[in-house]
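To keep things clear, I will list the structure first and then write my remarks on it.
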Amino acid sequence: MKKEKTLLIIKPDGVERSLIGQIIKRHERVGLKLVALKFLVPTVEMIESHYTVDPEWLRKVGQKTIDGYRAKNILPPSEDPVENGKNVLRRLTKYMKSGPVVAMVWQGAHSVGIVRKIVGGTEPLNSDVGTIRGDFVTDSYIISGADDRAVRNVVHASGSVEEAEKEIKLWFGSKEILNYRLIQEEVLYDVNLDGILE
Ligand code: GDP
Ligand code: MG
């Protein structure tokens, strides 16, 4: 559990907004360890594989979209969850290939949950203040949907340990994930805290 890994991607809007440093800083300061990092423009194939590592994702995100429209008393574009999911994926693909992204693997105790907490809820309109999505964007499903584009929420973070394992394999080769000792880990995880006093 102390060595749990998660995938974090700074999406093209995060790079264009010059937020790379601030986003990395928020994960460093909580005590997580950066074990892999790359800067690239993802291909359509990579983006589609990334969002479909969970074969149920298209249906789930499509159903969530339908529920969102219904909650606002607006007719959804389609009654079929998979159709709506494909529409979300089409917009996401266009968004994610529009410029460079920073892909990273962060390691540490409960890293999946901790990074999700730092990143905040999916829709910036409702993301908590203090989170990346809550602090840096004003976007919403209503506005992005009306413009037929993906919601610009700055970052991606794995949603579960299982998802993280699959996503990390997709973005990084095993040799690109580094094993090294970070001095602060001794304080974060050491049982007795011995070796501090001289
Ligand atoms: P995340 O893990 O918080 O990024 O959220 P999901 O895994 O559920 O969805 C992945 C991405 O799909 C999000 O970052 C959004 O860009 C988009 N998305 C998710 N849910 C919705 C939705 O209900 N409506 C719209 N328009 N886009 C969505
Ligand atoms: Mg997700």
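Side chains included, hydrogens not; waters and symmetry mates left out as well; all remaining heavy atoms used.
The CH2 atom of Trp106 lies 5.0 Å from the CD atom of Glu28; values are rounded to the nearest 0.5 Å. In this structure, CD1 in Ile177 is found 12.0 Å from CG in Leu37, a value given to the nearest 0.5 Å. In this structure, Lys38 NZ and Ile9 CD1 are separated by 10.5 Å, a value rounded to the nearest 0.5 Å. Distance check: Ile10 CD1 to Glu16 CD gives 12.5 Å after rounding to the nearest 0.5 Å. To the nearest 0.5 Å, atom NE2 of residue His27 and atom CE of residue Met104 are 7.0 Å apart. Taken from CD1 in Ile142 to CD in Glu123, the straight-line distance is 8.5 Å, to the nearest 0.5 Å.
Using modelled atom types, one side-chain atom of Ser111 and one backbone atom of Glu4 make a donor-acceptor pair closer than 3.5 Å. In this structure a side-chain-to-backbone donor-acceptor pair under 3.5 Å is missing from Arg133 to Pro124. Side chain of Ser127 to main chain of Gly121: a donor-acceptor pair is present (N/O by atom type, distance under 3.5 Å, no hydrogens or angles). Side-chain N or O atoms of Asp190 include one that pairs as donor or acceptor with a backbone N or O of Asn192 at under 3.5 Å. Of the possible donor and acceptor atoms, none in the side chain of Arg59 sits under 3.5 Å from a partner among the backbone N and O of Gly85. With hydrogens and angles disregarded, a donor-acceptor distance shorter than 3.5 Å links the side chain of Glu176 to the backbone of Gly173. Formation of a donor-acceptor pair under 3.5 Å by the Asn84 side chain with backbone atoms of Ser78 is found in this model. The closest donor-acceptor contact from the side chain of Asn153 to the backbone of Thr122 lies under 3.5 Å.
Within the 4.5 Å cutoff, side-chain heavy atoms of Val119 are placed close to those of Val115. For the pair Pro81/Ile66, a side-chain contact is recorded, criterion being any heavy-atom separation below 4.5 Å from C-beta on. At least one side-chain heavy atom of Val137 sits less than 4.5 Å from a side-chain heavy atom of Arg17. Looking at Leu125 and Tyr141, their side chains never come closer than 4.5 Å, going by heavy atoms from C-beta outward. Put simply, the side chain of Ile118 does not reach to within 4.5 Å of the side chain of Thr131, judged on heavy atoms.
For NZ of Lys72, the number of neighbouring non-hydrogen atoms (other residues, nucleotides, ligands) closer than 6.0 Å is greater than 12. With a 6.0 Å radius and a threshold of 12 heavy atoms from other residues, nucleotides or ligands, Ile143 has its CD1 atom at or below the threshold. The number of heavy-atom neighbours closer than 6.0 Å to CG of Asn179, taken from other residues, nucleotides and ligands shown, is 12 or below.
The ring pair (Phe, Tyr, Trp, His ring centres under 6.0 Å) contacts involving residues 40-80 comprise His50-His156, His50-Trp171, Tyr51-Trp57, where partners must be two or more places apart or lie in separate chains.
Between Arg149 and Asp139, at least one side-chain nitrogen of the basic residue sits less than 4.0 Å from a carboxylate oxygen of the acidic one, meeting the salt-bridge criterion. Electrostatic pairing of Arg181 and Glu185 does not count as a salt bridge here, judged by no charged N lying under 4.0 Å from a carboxylate O. Classification of Arg26 and Asp135 as a salt-bridged pair holds, one side-chain N sitting under 4.0 Å from a carboxylate O. Ion pairing between a basic and an acidic side chain is recognised when a charged N comes within 4.0 Å of a carboxylate O; Lys60 and Asp54 show such pairing. A salt bridge links Glu79 with Arg70: the distance from a Lys NZ or Arg NE/NH1/NH2 to an Asp or Glu carboxylate oxygen falls below 4.0 Å. A salt bridge is defined here as a Lys NZ or Arg NE, NH1 or NH2 lying under 4.0 Å from an Asp or Glu carboxylate O, and Glu163 with Lys166 fails to meet this definition. Between Asp147 and Arg152 there is no salt bridge, since no side-chain nitrogen of the basic residue lies less than 4.0 Å from a carboxylate oxygen of the acidic one.
Ala157 approaches Leu8 most closely through the heavy-atom pair CB-CD1, 4.2 Å. Scanning all heavy atoms of the two residues, the minimum distance from Gly99 to Pro42 falls at O-CD, 4.0 Å. Pairing each heavy atom of Val112 with each of Ser158, the nearest pair is CG1-O, 3.8 Å.
Cluster membership check: Val30 shares its hydrophobic cluster with Leu19, using side-chain heavy-atom separations under 4.5 Å among Ile, Leu, Val, Met, Phe, Trp and Tyr. Val154 and Val129 end up in different hydrophobic clusters when Ile, Leu, Val, Met, Phe, Trp and Tyr side chains are linked at under 4.5 Å. In the hydrophobic cluster analysis, where Ile, Leu, Val, Met, Phe, Trp and Tyr join through side-chain heavy atoms closer than 4.5 angstrom, Leu188 is grouped apart from Ile114. By the criterion of side-chain heavy atoms lying less than 4.5 angstrom apart, applied directly or through intervening Ile, Leu, Val, Met, Phe, Trp or Tyr residues, Val35 is grouped together with Phe172 in one hydrophobic cluster. A chain of hydrophobic side-chain contacts below 4.5 Å, direct or via other Ile, Leu, Val, Met, Phe, Trp or Tyr residues, connects Val155 to Leu34.
Both the sub-6.0 Å distance and the 45° axial angle are not jointly satisfied by Lys3 relative to the ring of Tyr189. For Lys11 and Tyr95, the positive end is not near the middle of the six-membered ring at less than 6.0 Å and at most 45° from its axis.
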Report task. Assess whether side chain to side chain contact (heavy atoms under 4.5 Å, CB included) is satisfied between Asp148 and Arg91, documenting all intermediate values. Result -> CA-CA 7 Å; Asp148 192 27; Arg91 293 167 175 172; 2.9 Å; yes
Requested in this report: Test Leu58 against Leu89 for side chain to side chain contact (heavy atoms under 4.5 Å, CB included), laying out the working first.
Outcome: CA-CA 8 Å; Leu58 272 182; Leu89 182 59; 4.2 Å; yes
Query raised in the report: Going through the distances and angles, do Val161 and His110 end up as a side chain to side chain contact (heavy atoms under 4.5 Å, CB included)?
Result: CA-CA 9 Å; Val161 174; His110 306 287; over 6 Å; no
Requested in this report: Could you walk me through whether Asn87 and Glu83 pass side-chain hydrogen bond (donor to acceptor under 3.5 Å, both in side chains), step by step?
Outcome: CA-CA 6 Å; Asn87 202 27; Glu83 272 306 304; over 6 Å; no
**Report entry** Verdict with supporting geometry, Met46 and Leu170, side chain to side chain contact (heavy atoms under 4.5 Å, CB included)
**Finding:** CA-CA 8 Å; Met46 277 185 76; Leu170 206 69; 6.0 Å; no
